[in-house]
Amino acid sequence: MNTMLNVTSAHPEFLTLGFGELNSTKYIFSLLVFVGFLLTILLNSLVVAAVALHRSLQEPVYMFICALSINGIYGSIAFYPGIFVTLLYQVQKISYGGCLAQVFFIHTYGCFELATLAGMAIDRYICICNPLRYNSLMSHATVFKIIAVGWLNSITVIAINLALTYRLPLCDTVILKIYCDNWSVVRLSCIDTTVNNIFGNFVSTSVIYVPILIIIFSYVEILRVCVQSSKEVISKALQTCSPQLIISINFVTGALFDIFLYRYMPTSIPYQIRLFVSLEFLVISPILNSFIYGLKMKEMRSRIFKLLHLETSKVHEIRK
């Protein structure tokens, strides 16, 4: 490592975050962070409220959309406030404990997202490839089980992974990103990280590659059925699957680029590109989710507009 720590503890008190060139524009960036946080919370809250308050939206596909929006709110709360507060300090640092907490929340957010997208892919696969059994297979209980299994599995493996990271003594204090992730901490270790690498591969398989394979398999099968079907079936498939495909491709591409870029080329790519890649799945995905599902899907759009109209009416009544 470049810097050795002259401390008695195996862990430094603080870690330095890689804000780099952002320091010169940190107040503008702070404003963007604040606006992004409010926009993400507002848009995703509208989606959650629309599904919760309208019985017609309490169907499997909308329940998965609601889960995505809840996760978007969770991820935003885990990411934005910490970044905003850190930007206000003269030197951008984070406590070691705060760094590990951020690792847990950001990693579980990403795993929750992939698990939910895999669940949505299964839902669309059954709907289009096995429509006669859809209602019996995709009940409310089944949806809750799919979401619960995916989320509990994510929490379990990330918690174990984090415990393995905590045991590592660190010989450096510089995090290359503007937030903490597991690999950014592990790479600072003074000792051999073989155990972490082995379990990390298991984690990647369990919560990243398996959901991605489920998504790919589901949509390939849907495409295969559409090729052999009528124009009506193809039209329905495009209408119901297009939003999920856009969301899935955007999130998976951003997450995989982030993982491989910082693991294999952490400093060889220009800072601006590294910054964008590291933020894409955290910042753009939650907003894109709410825009696509809130505006693209007709039923959801009409319920959100109705919800906003009702809220406006109530405000006028109170003023009178």
Side-chain angles (χ1 to χ4, degrees), residues 1-3 5 11-26 28-30 32-34 36-37 40 74-111 113-114 158 161-162 165-166 168 170-189 193 196-197 200 203-204 207-208 250-286:
M1 290 295 175
N2 296 328
T3 306
L5 295 175
H11 304 134
E13 185 178 358
F14 291 98
L15 297 172
T16 302
L17 297 169
F19 278 80
E21 298 170 23
L22 283 179
N23 283 318
S24 60
T25 57
K26 67 178 184 178
I28 296 175
F29 192 68
S30 296
L32 293 176
V33 166
F34 183 71
F37 178 63
T40 303
Y74 166 75
S76 299
I77 293 173
F79 171 71
Y80 281 108
I83 297 298
F84 183 76
V85 171
T86 304
L87 280 166
L88 299 181
Y89 285 95
Q90 192 67 28
V91 179
Q92 280 71 50
K93 292 188 175 183
I94 187 172
S95 69
Y96 179 72
C99 182
L100 291 187
Q102 197 172 62
V103 170
F104 177 80
F105 292 129
I106 288 177
H107 279 260
T108 50
Y109 155 76
C111 295
E113 192 85 356
L114 278 175
I158 296 302
N161 203 32
L162 199 58
T165 299
Y166 179 76
L168 298 174
L170 305 185
C171 287
D172 201 347
T173 62
V174 179
I175 300 292
L176 293 178
K177 296 184 178 182
I178 66 171
Y179 61 87
C180 294
D181 67 6
N182 192 65
W183 175 246
S184 297
V185 179
V186 170
R187 66 181 292 276
L188 305 179
S189 174
T193 59
N196 295 74
N197 294 337
V203 171
S204 298
V207 298
I208 298 177
N250 172 73
F251 185 83
V252 169
T253 303
L256 289 180
F257 264 104
D258 181 55
I259 291 169
F260 288 108
L261 178 64
Y262 277 90
R263 181 172 285 265
Y264 301 109
M265 298 182 293
T267 57
S268 59
I269 303 296
Y271 177 78
Q272 294 83 354
I273 296 176
R274 285 188 282 125
L275 178 66
F276 175 79
V277 170
S278 68
L279 294 179
E280 198 277 338
F281 80 103
L282 282 165
V283 174
I284 297 177
S285 289

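Residues take their numbers from the sequence shown, with the count starting at 1.
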Roughly how far, to the nearest 0.5 Å, is the [atom2] atom of [Y] from the [atom1] atom of [X]?
| X | Y | atom1 | atom2 | result |
| --- | --- | --- | --- | --- |
| L275 | L176 | CG | CG | 12.5 Å |
| T165 | W183 | OG1 | CH2 | 10.5 Å |
| K93 | T86 | NZ | OG1 | 12.5 Å |
| L32 | I83 | CG | CD1 | 13.0 Å |

Kindly indicate whether the side chain of [X], heavy atoms from C-beta on, has any atom under 4.5 Å from the side chain of [Y].
| X | Y | value |
| --- | --- | --- |
| H107 | N161 | no |
| F29 | I178 | yes |
| F19 | L87 | yes |
| L100 | L162 | yes |
| F276 | E280 | yes |

(request) State which residue, out of D172, V174, L188, fulfils the side chain to side chain contact (heavy atoms under 4.5 Å, CB included) condition with L15. (result)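 Single pass found, and it is L188.
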
(request) Might you work through the side-chain contact (heavy atoms from CB on, under 4.5 Å) test for F281 and F257, ending with a clear yes or no? (result) CA-CA 10 Å; F281 80 103; F257 264 104; over 6 Å; no

Considering all heavy atoms, the nearest [X]-[Y] contact:
| X | Y | value |
| --- | --- | --- |
| P286 | Y109 | CG-OH, 3.4 Å |
| I175 | S184 | CD1-O, 3.6 Å |
| P81 | S76 | CD-O, 3.3 Å |

(request) Under the side chain to side chain contact (heavy atoms under 4.5 Å, CB included) rule, collect the residues that match up with S204, sequence neighbours excluded. (result)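 So S204 forms a side chain to side chain contact (heavy atoms under 4.5 Å, CB included) with I208, Y209.
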
(request) Kindly write out the residues that satisfy side chain to side chain contact (heavy atoms under 4.5 Å, CB included) with F105, not counting sequence neighbours, or none if the list is empty. (result) Y74, A78, A101

Polar side-chain atom of [X] near backbone of [Y] as donor-acceptor pair, under 3.5 Å:
| X | Y | result |
| --- | --- | --- |
| Q102 | C180 | yes |
| T253 | N250 | no |
| T108 | F104 | yes |

(request) Given side-chain contact (heavy atoms from CB on, under 4.5 Å), test I94 with Y179 step by step and report yes or no. (result) CA-CA 9 Å; I94 187 172; Y179 61 87; over 6 Å; no

(message) I'd like to know whether V207 forms a side-chain contact (heavy atoms from CB on, under 4.5 Å) with L114, so could you lay out the CA-CA distance, the side-chain angles of the two residues, the decisive distance to 0.1 Å, and finally the verdict.
(response) CA-CA 7 Å; V207 298; L114 278 175; over 6 Å; no

(message) Using the disulfide (SG to SG under 2.5 Å) criterion, which residues pair with C111? Sequence neighbours excluded.
(response) none

(request) Assign the ring pair Y166 / Y96 to parallel, tilted or perpendicular, where the plane angle (0 to 90°) is split at 30° and 60°. (result)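 Y166 and Y96: tilted rings.
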
(request) Evaluate whether atom CZ of F34 has more than 12 neighbouring non-hydrogen atoms of other residues, nucleotides or ligands under 6.0 angstrom away. (result) no

(message) Evaluate L168 against N196 for side-chain contact (heavy atoms from CB on, under 4.5 Å), listing each step before the verdict.
(response) CA-CA 9 Å; L168 298 174; N196 295 74; 3.7 Å; yes

